[in-house]
Structures are given as structure tokens and as C-alpha cells.
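To start, the structure itself, in C-alpha cells.
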Amino acid sequence: MTLIKRLLAGGLVAALAALGSAAPAAASAPHVEDLGVPLEDVLLIGGTVAPGPGGRTVLWGASSGSPAHLNAVDPVTGEEVGRYDLPTAGGSWAVDATPDGSVYVGTYGDGHLFRWTDQGGVQDLGRPLASENFIWSVAAGEGATVYGGTYPGGRLFAYDPATGVRDYGRLSPDHSYVRSVSYAGGKIYAGTEGPAAVFEIDAASGAVKQLPTPDGLDPEGKWAYDVNAEGGFVYVRYGGASPGPMYVWDIAAGSWTGTIDTAHGLDVSPPDDEGGVYLVKSGELVRYDPRTKAVTPTGMPFTGRVANTRGIGWAELGLPDYPGKSVVGLLWRGLMFRYNPQTKAKSFVQTAVKGEPIDVTTLAEGPDGRMYAGGFLNGGFAALDPKTGEREEFHTFSQSEGMTAHDGKLYIGAYPEARVYAYDPELPWNSTEYSPSPEPGHEPNPARLFDFAAEKQIRPRALVSAGRYLAAGTMPDLGELGGVLAVWDPETGALKHAERNVVKDQSIVSLAYRRGVLYGGTSIYSGQSATSPTQPEAKLFAWSVKENRLLWEIVPAPGKPAIPALTFDDRGRLWGIAGGEVFAVNTAARKVTTRVTLSDSTSSSGQLVYNRHDHTLYGAHAGQGVFSLDPRTGRHAELRQGPVHHLAVHGSGDVYFAEGPRLFRLTRQQTR
């Protein structure tokens, strides 16, 4: 070989070697496009009816957002007469007004207490208890004093502008939540998570005693979700967000004296002149007399899954059909309701409360080629045109935990109760649970297929198309461990198989499918963070769909608490992400063949998808940013920094990801 030929040959070998080891990012430049906010809606959680600006009675409601807002709504017109920022807060369950005219708001995320006065507006009082980041409930005491219940310490506090904060301490060593609080006659009444307990606390001395459990009630798995002390009685609704039994405690008698089945919550009204209170029961506004136990219907319907009042009280409207005082209140999407006991007049009015951006919780390409997004807490369901990036439609819906396309439909996992729905994009939207006015006579779309409330599950986070079947994996409710692996047969409309604790005491948070086998990634955590895990690290398992049995399980990422994403590449290797580590598994040999370390993170958050257009893995790493990884070489590159938790690849090869409520699209522009 001549010298020139040897040099050329050596140069060619070097060039080929360099090409083979190059990271995907070196061959093309990523282009990131901001597609805006696909999900935006009103979410009112905490509220009350009380004097507002200028002393006129208003509907107070806290709307979730970044930041959250305290809204004052005119019950006559529905217009906003006040809107106040709640800096650093994401939202609030806890709103009440004290006799001096103050309105207090306890927030979640930061655990701050805010106070509104007509003279001074909103004042941030800071975090009453340094250890607590969630104020679940506040209740008016005497004068300007307010009481509050917290998480994660299960504590009770009082705040008085004159004396500051008083910490009553933890009410029970067995409870982490003081979920509901009310006050009457020098006593504070506080309810907890399951096993549900109600405590009576002497406001002056701090002495605590637990009320007896109502006869026939099993407190396991139930919360004392709502506690309302009104007119000498304490109304306690047991269960959760869905309707449940309400028991009535007679304070003077010191005993349970009444029961109201299927009460919706979240509040009952202050009593009328005869001592009766109004509440929503079995989808209707009713009056309940605690002395006679009589329930009087009003004929005013409350439809849909979420029919809880967000504050209910009395207001003089001055309208022809509404003489004297009328019952008024807010619903979760900003609708207000009015009922007059004299004339029986009733109405719903859409208020002017402004919608807020909703954080994206899941992304998936639908069977129609559109990109779909679901949202946190407020929920919502949006479809986007991949050609323009414009939102094509939006619907009110539950919080979505996962989505996947299968056989012409989009399947959606919804929180709570681990509900799974099928949406057919070829048919009109008709959610009988979430639409304000469902179309009568039309089949539900999305259609609810199954849930695992009976198995005490709340989050169906893992969904995957598995041959002719749909597979789902779930996370359990508070105080529970062990998720469910479910296989649904769309042809028969029934579950082929469902089994809890496939991997003992671990949730199933990711699924992948290949050649008759489901591969699942687990999390040591429950669907509620307050539940302590019993297992040290997450596992990867294989499950035979045909035989309904576990084939094997391994620990692919020692010390990591969760494997939140799995995907196959075009060579049949199974890839997963766990904390700051990406790994590949030879499923036949049942062992890890490749490890790529991105960081030392042990986060349970992460996403990983395989893009068949450029044969590249894309992922979201521990909520810190987006990366690409060449599965052949292990070379990886950070494409964008930011709080990214959700990511999906479209059939076009574009990669979609979310930073909070904003959606982005990443495309490759080939360099020349």
C-alpha cells in the first residue's frame, strides 16, 4: 500500500469512528417551539359567603393558579368585585370569614396564611407553623381569631392579629392530616384522614378529646372530610371527595343524633330562622332539619361527578323572584347557584372569575394524529393540531394520570379512584360526569370502563397498548401500598385479569409491551406521599399476558425508588429511567446490559421515549430538563433545562414536552 493510500485509509477509519461515536445532538440542531398553554380553566376549591368590599355580601372563592387568587363575586350579577393575588400559593381549600370582617385564606404548597380586610386588602401572614406546608382548613373563631388544620404534621393552630400564632400541636400520633376544622361555643372540631377521627379541642385550655365513632361506621379508609359546626350541631361527612354519609353530632346532648346519606359536601349553610341547613344530597339541594330529621327537597339539581359546594350561605339579592334572604354558593368551575325558600326560585349563573393555566400531567398522541394533554387538579382535556400547534378543542375533565392510544381510541387514566376511560375522537364529546350539560340520549364519550376504588387505588399512571388488550398499572390511596396490574379486553368489554401486589407493596408506574409480555416498572411509594414505603428500591418485572402470571423480577437500578418510564428501541432492548440513571435490559437474559449516568438523583420523576425517526431516546430527567441519548453509543446531550416532568414523541418524529402549564415542541433541523 502506498503512503497516500495508507493515509487515506487511516483518515477514513478515523472519520467512520468519529461518526459512530457522535452524539445525536452533533448531527442536528434541536429547535424548540413554545406552543403556549393548552389547558386553562377555573378551579375554585375553598370558599365562603361573607361581607366583601364596601360591606356588601359576596361569594368569596380561592381560584388555583400561579399565583392563586382570592375572588369576591357579586351574587346578583356574577361579576367580580375584587380579585387579589395570593403570592407563592398554588391554591386553597381553606377560606373563612371572622366576625370582625376579616377573610382568611390558608394555602397549599407554601402553607401560608393570608388575611383580607376592607381597609388593608390582602396581607401575607407567612407560614404559621414552620413545619407545615399545607393548610387544609380554616375556621372562624371569636373576633378576628381563626383556627387552622395542617399537613404533614397533623397540627392545629390559632391566629389572632393581637397575639399572633398559637400552636395546639399534633392532635394524634396516628394522623398526618387535620383535614377539616370548625368552631362553636369555645370548642374547635377537627377531622382527620383515615382511620377517620373527629376531635373536640377546648380553645382556651387546649384539652383534646376524641368524639366516638358513629354507630355502624367503619372509619378505616375513610376521612372526616368535612366538619361544619352550625346552630348547635356538628355535621361530619365521612369518606372522600365523592358523596358519602354525613352524621350529625348534637353538641348539647353529646351524641350522634342524625344521619344524611350521600351528602356531597364541602359545606352546609348556616341555619335559617327555624334551624334548618341547606346542603347538596344525592345531586339535589335540600333542607335538613336537625331536630326533626326531615329532609326537604328543593328541586334544584346538581349534575356531574363534582357537585360539591365551594362556600354556601345567605344573601339578600334584591331581585323580584328572590325576596328576603336566598341561599347562594359557588361550584368548582365558577358557576354560582341561587335558591329562594319563599318563591322556590332557582338559577345557575356563570360568574366572571377568570381561568388560570393548568399544569400538564400527561401527553400522548391520539389515534387521530392529534396531540392530547391532560392537566393537574383542575383537570382538563385538550387536543392540539400538530401542524399548527394550535389548540383545537378543550373540555372540562378529571385530573389525568396517563394516556395511550389503542385500536382507534384514546385511553385515559383519571384520578382519583384509578378510573380508566375510552375516548373516541370520531364521536362527539359527551362527558356525563364533567360536561356542564351532557347531551341526553347520547352515549358517554369518554366512556368510563372500570375503576379500582374497591382496591383502594387512586392513580392509574401506567397505560400501554398490549396486543389486542389495554394494560394499566395503578398507585394506591393513603395508608395503602401495592398497585394493581390490570388487562382490559376491548372486544369483550371486560377485564381479562386484575391483580394487586404483583410486586409486593409497590406501585406500578410504567409499562411496556413486546411479544406477549408486559414489562412493568414499580415505585416503592404509594399514590399519597404520607404513606411510608416498606421496600428499599424499585423493581422491573415481566408478566405473561396469556398465562396471567409473573415471569420474573429484577432490581435494575439499585437504590432508586422508582422506574417511572420504560420504552423499547428498534433492536428490542428495553430501556428505563430511574432517578439520574438510564439503563438498558436484555429481557431474554434478564439483566442490565447498559447504564448511562446523568446525575446522582434519586428522584421518582422521569420520562423516556424512543423516536423511530432518528433512532434516538428522548427523556425528561428528574424534573430538571430534556435530554437525548443515542442507544447505540450511550452518548447523550442536554437539550433544554427546565422543570420538565412530561414528554411524548409524535408519529412525525417531533417531541412534545411540558414545563408546568406550557407546552413545547422539539424538532430536528438537519445541518448542512
Side-chain angles (χ1 to χ4, degrees), residues 23-41 65-66 90 355-366 368-394 399-405 410 461 564-565 567 577 582 598-599 601 603 605-614 616-630 636-671:
S28 59
H31 171 70
V32 176
E33 179 183 2
D34 186 344
L35 301 178
V37 176
L39 300 160
E40 189 173 33
D41 207 348
S66 298
E356 305 277 0
I358 302 169
D359 284 357
V360 173
T361 54
T362 184
L363 293 166
E365 180 181 2
D368 56 353
R370 297 189 294 178
M371 282 299 300
Y372 287 85
F376 171 70
L377 195 61
N378 316 47
F381 185 82
L384 297 100
D385 185 334
K387 296 179 180 178
T388 65
E390 296 294 322
R391 186 176 78 178
E392 293 188 306
E393 61 177 325
F394 172 85
Q399 175 176 311
S400 298
E401 296 285 328
M403 293 181 181
T404 195
L410 182 69
R461 186 158 291 176
T567 188
I577 187 169
V582 179
L598 306 176
S599 74
S601 171
S603 170
S605 172
Q607 290 287 307
L608 194 67
V609 295
Y610 181 70
N611 192 337
R612 298 189 179 280
H613 281 258
D614 60 5
T616 300
L617 291 161
Y618 291 88
H621 163 228
Q624 299 175 15
V626 179
F627 66 90
S628 64
L629 189 151
D630 187 335
H636 54 91
E638 184 180 74
L639 304 180
R640 181 182 176 91
Q641 291 183 337
V644 179
H645 295 275
H646 304 283
L647 179 147
V649 64
H650 187 265
S652 63
D654 293 342
V655 177
Y656 291 77
F657 63 90
E659 294 182 6
R662 302 197 73 83
L663 185 65
F664 296 84
R665 176 167 55 196
L666 184 148
T667 58
R668 291 262 182 215
Q669 296 178 331
Q670 296 298 324
T671 57

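The first residue in the sequence is number 1, and the count goes up from there. Since we're looking at a predicted model, the values are computed, not measured.
Separation of atoms OH (Y618) and CG (L647) is listed at 10.0 Å; rounding is to 0.5 Å. Expressed to the nearest 0.5 Å, how far CD1 of I577 lies from CG of L608 amounts to 6.0 Å. Interatomic distance, CG of L35 versus CG of L663, reported as 5.0 Å (0.5 Å rounding). A distance of 10.0 Å separates CZ in F376 from NE2 in H646, rounded to the nearest 0.5 Å. Note that the CD atom of E401 and the OG1 atom of T361 stand 6.5 Å from one another [nearest 0.5 Å]. Expressed to the nearest 0.5 Å, how far NE2 of H621 lies from CD of Q607 amounts to 13.5 Å.
Among residue pairs with one or both ends in residues 381-394, those qualifying as side chain to side chain donor-acceptor pair (under 3.5 Å) are R370-E392, R370-E393, E393-H395; sequence neighbours excluded.
When every heavy atom of T362 is checked against every heavy atom of G402, the shortest pair comes out as OG1-CA, 3.5 Å. In plain terms, the two heavy atoms of A373 and V360 that are nearest each other are CB-CG1, 4.4 Å. Contact between Y372 and L410 at its shortest, heavy atoms only, is CG-CD2, 3.6 Å. Here the shortest heavy-atom pairing between E659 and Q641 reads OE2-O, 3.9 Å. Scanning both residues, A648 and V609, for their nearest heavy atoms gives CA-CG1, 4.3 Å. Residues F394 and A382 approach most closely at CD1-CB, 4.3 Å, considering heavy atoms.
Of the possible donor and acceptor atoms, none in the side chain of S601 sits under 3.5 Å from a partner among the backbone N and O of S599. With hydrogens and angles disregarded, no donor-acceptor distance shorter than 3.5 Å links the side chain of H645 to the backbone of G660. Looking at T667, its side chain never comes within 3.5 Å of a backbone N or O of D654 through a donor-acceptor pair. Side chain of R461 to backbone of P564: no donor-acceptor contact under 3.5 angstrom is found.
Counting non-hydrogen atoms of neighbouring residues, nucleotides and ligands closer than 6.0 angstrom, the CD atom of E638 exceeds 12 such neighbours.
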For this session: Kindly indicate, with the supporting measurements, whether the criterion side-chain contact (heavy atoms from CB on, under 4.5 Å) is fulfilled by L639 and F657.
Result: CA-CA 12 Å; L639 304 180; F657 63 90; over 6 Å; no
For this session: With side-chain contact (heavy atoms from CB on, under 4.5 Å) as the test, would you mind laying out the steps for L377 and I358 before giving the verdict?
Result: CA-CA 8 Å; L377 195 61; I358 302 169; over 6 Å; no
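Geometrically, R640 engages F664 in a cation-pi contact defined by less than 6.0 Å to the ring centre and at most 45° from the axis.
Considering only heavy atoms from C-beta on, L39 stays 4.5 Å or farther from N378 through its side chain.
Checked against ring pair (Phe, Tyr, Trp, His ring centres under 6.0 Å), Y656 has no partners two or more places apart in sequence or in another chain. Take E365 and apply the salt bridge (charged side-chain N to carboxylate O under 4.0 Å, His left out) test, not counting sequence neighbours, and it matches no residue.
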